[in-house]
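Since this is a predicted model, take the numbers as computed values, not measurements.
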Amino acid sequence: MLSIKNLHVSINDKPILKGLTLDINPGEVHAIMGPNGAGKSTLSHVLSGKAGYTVTEGSVTYNGKDLLELAPEIRAREGVFLAFQYPVEIPGVSNIYLLKAALNAMRKHHGLPEVDAMDFLTIVKSKVKLLQMDEKFLYRAVNEGFSGGEKKRNEILQAAVLEPKLCILDETDSGLDIDALRIVAEGVNSLRSAERSFLMITHYQRLLDYIKPDVVHVLADGKIVKSGGPDLALELEEKGYSWLEGRAA
Amino acid sequence: MMNELSNNAYLAAYPALADSLPGRDLPWLQQLRNEALQVFGQTGFPGNREEEWRYTNLSALGKTGFAPAAVGAVDADWLNSYRLDNAFCVVLVNGCFASDLSRLEGLEGVTVNGLAEILTQNPAALEGKLGQAVASGEHNLVAFNNAWFGDGVTIEVAAKQVLDKPIQILHVVTEAGALAATRNLITIGDQAEAEIIETYVGSTDSYFTAAVNECLLGRNAGLTLTKVQLEADKAQHFGGTYVKQAQDSRFLHHNFALGGGLARSDIHSDLDKAAECSLNGLFVAGKRQHIDNHTRIKHLKPHGVSREFYKGVLDNRARGVFQGRVIVAENAQRTDSEMNNRNLLLSADAEVDTKPQLEIYNDDVKCSHGVTVGQLEEKSVFYLQSRGVDEATARNILTFAFANEMADKVENAELKGLLLNELLARFPAMSL
Ligand SMILES: Nc1ncnc2c1ncn2[C@@H]1O[C@H](COP(=O)(O)OP(=O)(O)OP(=O)(O)O)[C@@H](O)[C@H]1O
Ligand SMILES: [Mg+2]
C-alpha cells in the first residue's frame with residue numbers, strides 16, 4: 001500500500017531525512033520510535049503534503065501512485081490521514097462544519113453524492129460516542145481552547161468519521177491521561193481492518209500495549225536504523241537509543 | 001485649488017437646483033444651507049491635503065456632476081430581495097421617500113414621515129433639531145449634504161416605547177448618474193428602545209449616495225442601528241451617522257461596508273454621563289474598491305463605556321481605511337473604553353491603513369486599543385487541505401470565519417442570515 005524508497009528530504013537546504021526506506025502492506029500496523037529531532041514528524045508531513053519540504057532523492061508510492069505528485073487534499077481524499085502532533089486551532093470554524101466539508105470532499109472525489117444531513121449526524125454522533133466525547137465538542141470551533149488531550153482525541157474523531165486507508169498518528173498518545181489513552185486506543189483498534197494500515201509515531205511502549213503493532217522501527221538521524229517485532233519496543237524502553245546510533249537497519 | 005473648484009460640477013449646477021429643494025421658505029433652513037454652501041464652496045470635496053483625509057482623496061468626486069433624480073420605476077422582485085420580512089420598511093428611491101413602496105402599517109408609538117413632506121407641512125417639528133448632531137464645520141461632505149439634501153425620513157420614537165419590530169430604511173438608487181442626497185433624523189425618546197437597519201443598494205452602476213443620519217437618544221434610551229452597505233460596484237458612497245447620547249443611553253452600531261467603488265462611513269457619537277456606545281464594523285473590499293471607515297467616540301461626562309471592534313478583509317488591489325478616534329474629556333472620569341481593529345490582507349497588492357487615536361484629557365480612565373494586520377495562517381490552510389478540502393475553499397472557509405465573527409454579533413436572526421449569505425457569496429464555501 002505504501003512504499004517509501006531511499007527518501008531524502010531537506011528543509012531550507014538542511015537534510016532531515018537521509019535515505020529512509022519503509023514498506024507498509026494493507027492491514028498492517030507499523031510503529032516508529034526514535035529520539036527527538038530524528039525526523040519522525042518530518043516524515044508524517046512529507047507524506048501528507050505539507051509545503052516547505054524538498055524531496056532531493058527517493059520515491060513514495062501509495063496504492064500504485066506517486067504520492068509526492070499529489071496535492072495535499074487529493075492525498076487526503078485518496079485515504080491518507082494525518083493525526084497531527086500539534087493539531088491546529090481554527091477559530092470560527094466549528095468541528096461539525098469541518099467534518100461535513102471534509103466528508104463531502106471525499107465523497108465528491110469518489111463520485112458519491114453529498115451526505116444526507118440526517119445520516120451525517122447519525123454517523124458523527126456514533127463516532128463521538130465511540131471516543132466518549134461530549135457532543136458539545138461538535139459545535140465548538142476546531143481545537144480552539146481544547147486541552148492537549150482533547151485535541152488528540154478530536155484528531156481520532158476525524159479519522160473515525162473520514163475512514164482513511166492510511167492513518168498516520170504522530171504522537172497521538174502524548175498528552176493523553178491514562179483513561180483517555182485507553183479510550184483513544186480502543187477507538188483506533190475499532191478502525192483496524194484488513195484494508196486499513198497505520199503508521200504510529202510514539203515515544204512510549206504504553207500505547208503499543210493497547211495497539212499491537214506488526215512491526216516496530218527505530219528512526220534516528222533521518223533513517224530507519226532498526227526494525228523488529230513488538231519486542232523491539234520493550235527493548236528500547238529498557239536500553240534507550242544510544243546503542244543503536246550509527247547503525248543502519 | 002481655484003481651478004478644482006471652478007471645475008466643480010455641483011457648485012455650477014446649484015443655482016438652478018436650489019429652488020427645487022424643500023424648505024425654500026424657511027429662514028432657519030436657508031441659513032443652514034447658505035452656511036453649508038459657503039463652507040463647501042471654499043474647498044469642495046475633501047482631498048488628501050487634509051490630515052483626516054490622508055488616505056481617501058475625494059477631490060475627483062467634484063468632476064462627476066451627478067444630479068438629483070426623481071422616484072422612478074423599481075423592479076419589485078429586486079427590491080423585495082433586500083427587504084426584511086419581519087420589519088417595518090421605509091423605502092427611499094434615488095434619495096426620495098417613496099411612501100407607496102414603504103410598509104408602515106401597524107406602527108405604534110412611532111412617527112415616520114418623509115423629510116420633504118414635513119418641511120412643507122410641519123417645519124416647526126424640525127426647527128432646532130436638524131443640524132443638532134452635526135454641522136457643516138465637521139467636514140465638507142457634511143456641508144455638501146446640508147446644502148444638497150432633497151429628502152429623507154424622520155423617525156421619532158415616543159418616550160418609553162419599546163418597538164417590537166425593527167424599522168428598515170432601504171436606500172435604493174435606480175437611475176444612472178443619480179445623486180441621492182438624503183437626510184434622516186432619528187429621535188429616540190427617553191427610555192424608549194428601537195432597532196433600525198439601513199440598507200444601501202443600487203440597480204444601476206454609477207451614482208453617488210450622500211446620506212447623513214442624525215440620531216438623538218434620550219435619557220436611558222436604546223438604539224441598535226445596523227448599516228448594510230451593498231452599493232453597486234462603481235458607486236460612490238458617503239454615509240455619516242452622528243449621534244448624541246443623553247445620560248444612561250445605549251447605542252449599538254453594526255457597520256457592514258461591503259459594496260461601492262469608493263465608500264466612506266462616519267460613525268460619530270457624543271456620550272453624556274454613563275452612556276454606553278458599541279461600534280462593530282466589518283469592511284470587505286476586493287478589486288479596486290476603496291472603503292474608508294471613520295469613527296469617533298467622545299466621552300464628555302463621567303462613567304461612559306465604549307467598545308469598538310472593526311475587522312477588515314482586503315483582496316486584490318483594494319484599499320481599506322480604519323480611523324478610530326476616542327476622545328475622553330477632562331471631566332469624563334471613570335471612562336472605560338476599548339478599541340480593536342483586526343485586518344486580513346488576502347493579496348500582496350491589497351492595503352489597509354489603520355489609525356487608532358486616543359485623546360485622553362484625564363487620568364482616571366481605563367482605555368485600551370489594539371490593531372493587527374495579517375494574512376491567513378498557512379498552517380490552518382494546510383490543516384484543512386489535509387482533511388480533503390481544496391486550497392481555494394480552505395482559504396474561503398478561513399476568510400469567511402474571520403468575517404463572520406462580526407455578522408455573528410448581530411442579534412436579529414433574519415438580518416444575520418442575510419449578512420451570512422452576503423459573506424458566503426464573497427467567500428464561497430459550504431454554508432453552515
Ligand atoms: N522549518 C524548519 N527549519 C529548520 N529545521 C527544522 C524545521 N522544521 C524542523 N526542523 C528540524 O528537523 C528536525 C526533525 O524534526 P521533526 O519534527 O521531524 O522531529 P521528530 O522526530 O518529530 O521529533 P519529536 O520526537 O521531538 O517530535 C529537527 O532537528 C528540527 O529542528
Ligand atoms: Mg515530532
Side-chain angles (χ1 to χ4, degrees), chain A residues 44-45 47-53 70-84 86-110 114-115 117 120 139 141-144 151 154-155 157-159 161-164 168 170, chain B residues 256 280-282 284 309-313 340-344 346 370 372 374-410 416-417 419-424 426-432:
Chain A
S44 74
H45 290 150
L47 292 178
S48 53
K50 189 173 177 181
Y53 299 86
L70 304 178
E73 60 269 27
I74 306 297
R75 298 182 196 196
R77 295 172 195 170
E78 291 278 336
V80 177
F81 181 92
L82 168 63
F84 285 72
Y86 303 108
V88 180
E89 298 193 8
I90 309 201
V93 178
S94 71
N95 246 335
I96 193 149
Y97 181 97
L98 173 59
L99 287 169
K100 196 167 180 189
L103 189 62
N104 279 333
M106 311 267 162
R107 291 176 62 94
K108 195 171 170 202
H109 184 73
H110 293 104
E114 287 201 350
V115 62
F120 172 71
Y139 303 95
V142 177
N143 294 324
E144 193 183 36
K151 284 180 183 167
N154 200 36
E155 295 288 285
L157 171 69
Q158 294 177 11
V161 172
L162 299 177
E163 304 189 312
I168 306 163
D170 191 353
Chain B
F256 292 91
N280 296 318
L282 172 69
V284 177
F309 189 21
Y310 264 70
K311 277 186 160 184
V313 180
N340 209 320
N341 171 225
R342 294 181 58 201
N343 302 287
L344 185 57
L346 299 177
T372 61
Q375 285 140 23
L376 290 177
E377 290 209 50
E378 290 308 317
K379 66 176 185 193
S380 308
V381 176
F382 176 66
Y383 189 79
L384 295 180
Q385 282 182 280
S386 80
R387 299 306 182 241
V389 178
D390 66 88
E391 185 182 342
T393 306
R395 290 184 187 278
N396 280 336
I397 290 176
L398 295 170
T399 309
F400 172 78
F402 177 87
N404 188 47
E405 185 184 358
M406 301 318 295
D408 231 17
K409 290 184 189 292
V410 172
K416 192 196 295 227
L419 290 164
L420 199 86
N421 287 336
E422 287 294 336
L423 294 179
L424 284 173
R426 283 160 181 79
F427 311 109
M430 184 184 74
S431 103
L432 297 166

Next item on the list: Examine whether an atom of A101(A) lies under 4.5 Å from a heavy atom of chain B, and if so say whether it belongs to the side chain, the backbone or both; otherwise answer neither.
Entry: both

Next item on the list: Please name the pair of heavy atoms, one in V88(A) and one in S380(B), separated by the smallest distance, quoted to 0.1 Å.
Entry: CG1-OG, 3.8 Å

Check: Any salt bridge between R387(B) and E155(A), counting N to O under 4.0 Å?
Finding: yes

Notebook entry, point to check: If every non-hydrogen atom of A76(A) is compared with every non-hydrogen atom of G388(B), which pair is closest and at what distance?
Noted result: CB-N, 3.4 Å

Next item on the list: Quick one: pull up OH in Y383(B) and CG in N143(A) and give me the separation to the nearest 0.5 Å.
Entry: 4.5 Å

Notebook entry, point to check: side-chain contact (heavy atoms from CB on, under 4.5 Å) with T399(B): which residues, sequence neighbours excluded?
Noted result: V313(B), L344(B), L346(B), L376(B), F427(B)

Checklist line | Top contributor to chain B contacts, counting heavy-atom pairs under 4.5 Å, from P72(A), P87(A), P164(A) | finding: P72(A)

Item checked: Straight-line distance of I397(B) CD1 to I90(A) CD1, nearest 0.5 Å -> 8.5 Å

Note to self: Would you compute the distance between atom CD of Q385(B) and atom NZ of K50(A) and round it to the nearest 0.5 angstrom?
What the structure shows: 11.5 Å

Notebook entry, point to check: How are the rings of F382(B) and F84(A) set relative to one another: parallel (under 30°), tilted (30 to 60°) or perpendicular (over 60°)?
Noted result: perpendicular

Next item on the list: Kindly state each residue pair satisfying side-chain hydrogen bond (donor to acceptor under 3.5 Å, both in side chains) with at least one member in residues 74-83 of chain A, sequence neighbours excluded.
Entry: K65(A)-E78(A), E78(A)-H109(A)

